[in-house]
Structure formats: structure tokens, C-alpha cells
Protein chains: 2
Amino acid sequence: MFNTTSLLATHILDMEKLRKHIEEITPVSDDEFEYIKAFFTKKRVRKHQFLIQAGEKVACEYWIANGVFRAFYTDETGREHILQFALENSWLSDYNAFFHQTESTMNIICMEEAEVLSLTLHAREKLASDLHKMEHFFRMKVTSGYTAQQHRIISLLCRNPKERYEEFGILFPEIVRRIPKKYIAEYLGISRETLSRIHPVQRRGIPVKQ
Amino acid sequence: MFNTTSLLATHILDMEKLRKHIEEITPVSDDEFEYIKAFFTKKRVRKHQFLIQAGEKVACEYWIANGVFRAFYTDETGREHILQFALENSWLSDYNAFFHQTESTMNIICMEEAEVLSLTLHAREKLASDLHKMEHFFRMKVTSGYTAQQHRIISLLCRNPKERYEEFGILFPEIVRRIPKKYIAEYLGISRETLSRIHPVQRRGIPVKQ
DNA sequence: TCAAGGCTGTGACTTTGATCACACTTTAAT
DNA sequence: ATTAAAGTGTGATCAAAGTCACAGCCTTGA
């Protein structure tokens, strides 16, 4: 493994996947995509490895071809608070630090072996200014991030732990399946004990035993 | 008041202000601005008037030339939760409903007599697609909204009421001055009684009596 | 394959902030 | 100018969720 051939092969596959991802927003010609591709750099990340570490300059944002990450903030008392879980096809960085080219205040850690494509701020802004459609693409992406965060703020303001957990389960069933509950507690802003005491409403049929 | 001359006069002033606002992000030529202007419609809003009402279609977003608004969500139990205070030079709408052209889930109410410039979704997208620099402008705006919301999420996850209120006072002294505390409590996700029991740290010198 | 570490559940106790109640003050509207 | 409505402060009580402690289970990696 990790020989040139396989790396090249997955590289091509990832790039195709990125193209599909972009084309969910805007079509791109073959020539345009050849141009776009060149701005990205592939990176392989292993479990437990940091993608971004608090205190270090944030040079890139990342598009996840596959794998799982969590982005979290560590407060003064040492508690961790999760800002984002990122699965394949999502974008991720400490955007505040990235856009201002400053040191990260958050950590991003790989939770399942991953492949990502990285983009420097310079590359991103060049891409956006050279290709109007990429500017549009990035605008659409940040817009949906904005509305998703707004939703999360409403949830934090209006709902109790049980309601938040249930809503989370409906919105992100995949994450509930793949990620340890203690991290979900950190995302929802509740203690892992409280989350552990929330028991799902029993739906029709016999409980599933495996 | 409200005669043609004064309306026209303030209209011109507001448009000049909008131009300055846009030029904080990107320069625009006279011709370009003439083109941009035409997409906006001026609206005068009085205190207590709804700009957007839950359950109604959201046709526009608004740029505030002057005045103050609050955007809030009313939960099932009737409690109100504030999403945003908007002062002059800010943009505001129920963006989720606006982008999806659906009914609002939130209310936006005028708190101080205001003048706003409205933009339909169609106008906004046309502006963005006709002028690359306006696409850029909108991207920059939503990006800073995104990072601001991220900051608020961290604050809700990590900080207790006292810390949140103090941070709010540092970030938005203007709002603390102009807006009743009970609304600030609704923004911070705490009860007005708890907020009222938070007393500012006494800084050097004799307490100010007026 | 077995030891160590991470994850989860649950009981006992504590703390924080919500709620309720009421008085007082300021603001706005006629 | 006066009356109603909105906003604020504060005490008493309560409940929800946090914290601490510990036991049992899974993973995982040497």
C-alpha cells in the first residue's frame, strides 16, 4: 500500500468525486475542471492525527473525500466542545483563523482514516476571482453553512437536552451510528451522563437485538 | 413629513450609504452603482411594525439604512428567542425561508423607526450573476455572518450566563446601550431575572450616578 | 490473547439557573 | 398630564442538569 500506482488511482477517484460535488451547484467543463484541480493538494490522514491544531497558523481548508473528523474547541477549564463533525463531501477548517490567516483556536482531529483535498486561502481566492462560477459555488456553500448554524443556535436556545438529542438523531442519523455518544454530548452542550440517561421513545414493533 | 421632496432626499442619502457599505468590500464605478441601485426598493418602517412575520412567505432580504430591528423565534411554549439584533448597515431576513422561498419561521420587528432597502431573491441572484463583484460582496457578507455565528455557538456551549453577558457587552456595547435588557436575555438564552442579577464588575473610580 | 484504555450506564448528591410573585420605575400614547 | 404598558430588581422556592464515583463492556494494539 501507499505505492505510487494506488495513490494515483485514488487521487483520480477523489478528483472525480470533487467534480461531482461541485456540479451539484454548478456545471463545469472539462477544461475548467482541469484548471480547478490544480489548486488542490491531496493529503492522507490517519486516525487520531491532527488536521489543525490550536495555536498553529491555519493555512488551508479541506474537502473530505472520505473519512471522519471532529472540530472542537477546548475551553479554559479543559472541557471540549464540538463545533462540527465532518464526513465525506464536507468542507472543514477553522474558518475564522483561515480567513484572517491567524492561529487556530480549535482542533480538528481525524476519527476514521481519511483522504482530503486541501486548498490554501490564496488558492481559494484566486479560484473565486478567476472563475465566477467558483465564487458562486463558495457562496452557496457558506450560505448553507450559515443557515445550518442558525438552526443550531435556535436549537441551543429553545430546546432541552432530550429534544436536542432527538432532533440531532433525525438530522444526522449517520453520525449517531458512526460516532461515540460522548462526542455527541459535547456537540449538543450536555454532559455524557445526561445524554446516557435519555432513552429513545420506543417505536412500533419488537426492539431490535443484534 | 413624508412629502415627495424629503423622501427623495433621504432616498439619495440611503443609496449613498449603501454604496459606501458595498465599497468596504469592493469598489464600484458610477455606472455599476447606477445598475445596482435599480434592484433595491426603499421602505420606511415604524416602531412595532413587522418586517417579516412567521407563517408568511419571505420575499425579500433587507439592508438597514437606519433604525433597529430584532429577529426572533417563538417556540411551542410561547417563549421568544432572539436570533439577531440589526442596526444600521446590517442585512437581515429569515434567510432559510428567503433562500427556499418558503414561509418564515421567525418574526422580525422594528424597535426604532427605520429606513430599509429591500431586495428580492430574484434581484439578488441576478445581481450576483450579472456582476461578479456583487457575487463576491455577498460571499464576503455571508462568510462574516458564518464566523460570527460560529463564535456565538462556542459561547453558548462553553460559557455560563455571566460570561456570555460580559462577552456580549464587549462585542456589542452599542446594543447594550440601546436595547432593553430583557431582549438581551432572550438573545443570550437566559431568563431576564438571571440577567438582572448579574452585576458588572466594578472598575476603578467612583460608580457613575446620573 | 490479554492488558490497557476508551466508552457507556447508573446511583447519590450538588449546583445553577428557571420560575413565581411582587414592588418599583421608566416610557409611551392619548 | 395622566394612565397604561413595558421594563427592571429582588426574594423564595424548585427542578433540571451537572458532577462524582464506580462497575461492566467493548476495542484495539502489542
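In what follows, chains are A, B, ... by sequence order, proteins preceding strands, each numbered from 1. What you are looking at is a predicted structure, and each value in this text was computed from that prediction instead of being measured.
- Here the C1' atom of nucleotide D:dA6 and the CD atom of B:Glu193 are 15 Å apart, to the nearest Å.
- In this structure, NE2 of A:His48 is placed 14 Å from P of D:dT27, rounded to the nearest angstrom.
- Regarding contacts with the backbone of C:dG17, every side-chain N or O of B:Thr194 stays at 4.0 angstrom or more from both OP1 and OP2.
- Closest to the side chain of B:Ser196, out of D:dT10, C:dG11, C:dG9, is D:dT10.
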Checklist line | Intermediate values then yes/no, ring-ring contact (aromatic ring centres under 6.0 Å, His included), A:Phe85 and A:Phe69 | finding: CA-CA 6 Å; A:Phe85 294 112; A:Phe69 293 86; over 10 Å; no
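- Centroid-to-centroid, the aromatic rings of B:His136 and A:Phe138 stay 6.0 Å apart or farther.
- Side-chain N/O atoms of B:Glu80 and B:Tyr73 include no donor and acceptor closer than 3.5 Å.
- For C:dT16, the base has no donor-acceptor partner in the side chain of B:Arg159 [N/O atoms by modelled type, under 3.5 angstrom].
- Comparing C:dA12, D:dG7, D:dA17 by their closest approach to the side chain of A:Pro161 singles out D:dA17.
- Put simply, the residue from B:Arg46, B:Lys47, B:Arg178 that forms a side chain to side chain donor-acceptor pair (under 3.5 Å) with B:Glu112 is B:Arg178.
- With rounding to whole Å, A:Tyr165 atom OH is found 8 Å from C:dG9 atom P.
- Distance, A:Met111 CE to C:dG6 P: 13 Å, rounded to whole Å.
- A donor and an acceptor atom sit less than 3.5 Å apart, one in the side chain of B:Arg192 and one in the base of D:dG9.
- For A:Arg79 against D:dG18, no side-chain N or O and base N or O form a donor-acceptor pair under 3.5 Å.
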